[in-house]
Amino acid sequence: MHTEKEEVLSNIGSYEKRCDGFDWGVSKEILSWKDGELLNIGAICSDRVCARGWGDKPALVWEGFGDKKRTYTFDDLKLHSNGFAKLLVDIGIEPGDRVCVFMDRIPSLYFSFLGILKMGGVAQPLFCAFGDESLEVRLASAGTRAILTTQKHVKKVRKIKDRLPALEHVIVVEGDRSKLKDGEGFFHVESADRVEEFDVFPADPETPSVLHYTSGTTGQPKGAQHVHDSIWGQALTTSWVLDLRDDDVYWCTADPGWVTGTSYGIIGPWSLGVTQCVLDSGFTSARWYQFIQDHRVTVWYSAPTAIRSLMRDGEELAGKYDLKSLRHLASVGEPLNAEAVVWSERAYGLPFHDTFWQTETGSIMIANYPGMEIRPGSMGRPFPGIEAGLLDLKTHEELTEPGKVGLIAFRPGWPSMFRAYRGEPEKYRGRFVGARADATPDELRTDTGLWYVSGDRSSIDQDGYYWFVGRDDDVINTGGHLVGPFEIESALVEHEAIAEAAAIGKPDEVNMEVVKVFVTLNAGYEPSGDLELAIMNFIRKRLSPLAMPQEIEYVEKLPKTRSGKILRRYLRALEWGEDVGDLSTLEDD
Ligand code: PRX
């Protein structure tokens, strides 16, 4: 009988073997893709899988609220993505236009995402719990021409549409057609005419594909632009790190409004022709276990916040379900604490394999590679072909001594790397250490003498394992989702009662961090429970439930630098009980 490790090794080979003489071309081999063939992520994830003879294979096993269940084959995926692609062409969307997908995790989200790519459009998925302000900022930045949404969410679009001159088309894909307003379109792909064949847009490797917005410390969120070439990084990491095989039933719990939900919840697995499950209903441990049991899920990619919630509900609950189908578990988004790894071995007989990457990197960069010894609490080692290092926090010199804390950095050149922050070339350049001031984006992405700096701190042990330390900026990571303090502060000061505001992350047992804000009030306003609730709701509705403060502290005045910038780091250090250090260094701008 094979041991688990031998089985893994026979499938994907050892980490060392894979690093040796690595070439990204191996990804093309895995997909049996020959140079000169049509390149288009939308088609590779649907038409091409059908052409391999897997048209009848389930592609999407879907469950929604209220016991709704549907299964779609790869033939269905091809047909329905064609339907969306044709719709977009018919209404005049051109290749390169941004088309926003703003809906719950309903099947049409997946069909339309692929359809947009098939016609050469840029898919801009946005988390549907975003309020109108979060939505507006991202649609304005992208110059989005069309938005696909549902009756449930279209109200938010209506509120902002007049301020978005580029937004010509609002199309509702689910709900009641009679409730539409003038100028809105309705398209239900499953009742529309069948589109058996669609003339897929032949993408160049550098043709824009997906645009994901991500929050930073300063300013509004930035649009990380990805291209069709990303498929090679996504397919290979899905195969090797998530260890997906032809007969797997895979569940990625992430929403495609975030990069995990597209790179590993759409593109990677479907490019390999793997069956995916999607659960579009709220979290309870019991519901999740039932889902795994019912669909015989074999590979599960989730996040530490979810794992900690499952832990809280205990091993006994896990023991009530048949979870023996599970073969491989992985996690991403936040630090995966060692206890969670140990617990999952006890509860499921399998450890979670931590992986590290970012919206900007597009694919997994550091991982607990299958078959490699797991060191609980460590993110693992760089994916084969990824040259990673740590840079000194101040000088940006490469650190070589084990145990030293530095900034995680990667040599440019991997396929899934982002190609731009939309409309912000300076910010893009700013992510690379060693770049000439006049370096073009093309030079930046190919110059292997540079470092792309992640903005996260880590140490490396003597065997090359990375140990996450924390972020190097003020971005708040709540439940694996990044929230920009600036966005929250800008929204807060729009509230009539608030004069000034600072937002930080405060520790939370399950979500790692939740938002806490410090505010000063305008004359005539007094702190009160009602005001607190009003402020919380104000943020929840405008931005999102994630950005909603869990705590509001009223202060007389906020700590500032000499030039007047609010000292979030000082507030954060106090909150976390860390050494506030020398205030004069904090006061540096
Ligand atoms: O701070 C790191 C954290 O999440 C950030 C990236 O967030 P985002 O661009 O939204 O993409 C999330 C999913 C790919 C990182 O800069 N992060 C991600 N993975 C880990 C992590 N922090 C600790 N451990 C991880 N495994």
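For ligands, and for the atoms within them, numbers begin at 1 and follow the listed sequence.
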Quick check, are the ring centers of Tyr348 and Trp343 under 6.0 angstrom apart?
-> yes
Passing option when Gln234 is tested against Ser239, Ser27, Ser363, Ser263 for side-chain hydrogen bond (donor to acceptor under 3.5 Å, both in side chains) = Ser263
Sorted by chain and number, the residues that approach ligand 1 to under 4.0 Å with a heavy atom | Val259, Thr260, Val332, Gly333, Glu334, Pro335, Asp354, Thr355, Phe356, Trp357, Gln358, Thr359, Met379, Asp456, Phe468, Arg471, Asn477, Leu482
Could you list the donor-acceptor pairs under 3.5 angstrom formed between side-chain atoms of residues 127-134 and any protein atom two or more places apart in sequence or on another chain?
from, atom 1, to, atom 2, distance (Å)
Glu133, OE1, Arg542, NH1, 2.8
Ser134, OG, Leu543, O, 3.1

Residue pairs involving residues 336-358 (criterion salt bridge (Lys or Arg N to Asp or Glu O under 4.0 Å); sequence neighbours excluded) = Glu315-Arg346
Residues in salt bridge (Lys or Arg N to Asp or Glu O under 4.0 Å) contact with Arg445, at least two apart in sequence or another chain = Glu206, Asp442
With distance as the sole criterion, is a donor-acceptor pair present between the side chains of Tyr466 and Ser378 under 3.5 Å?
-> no
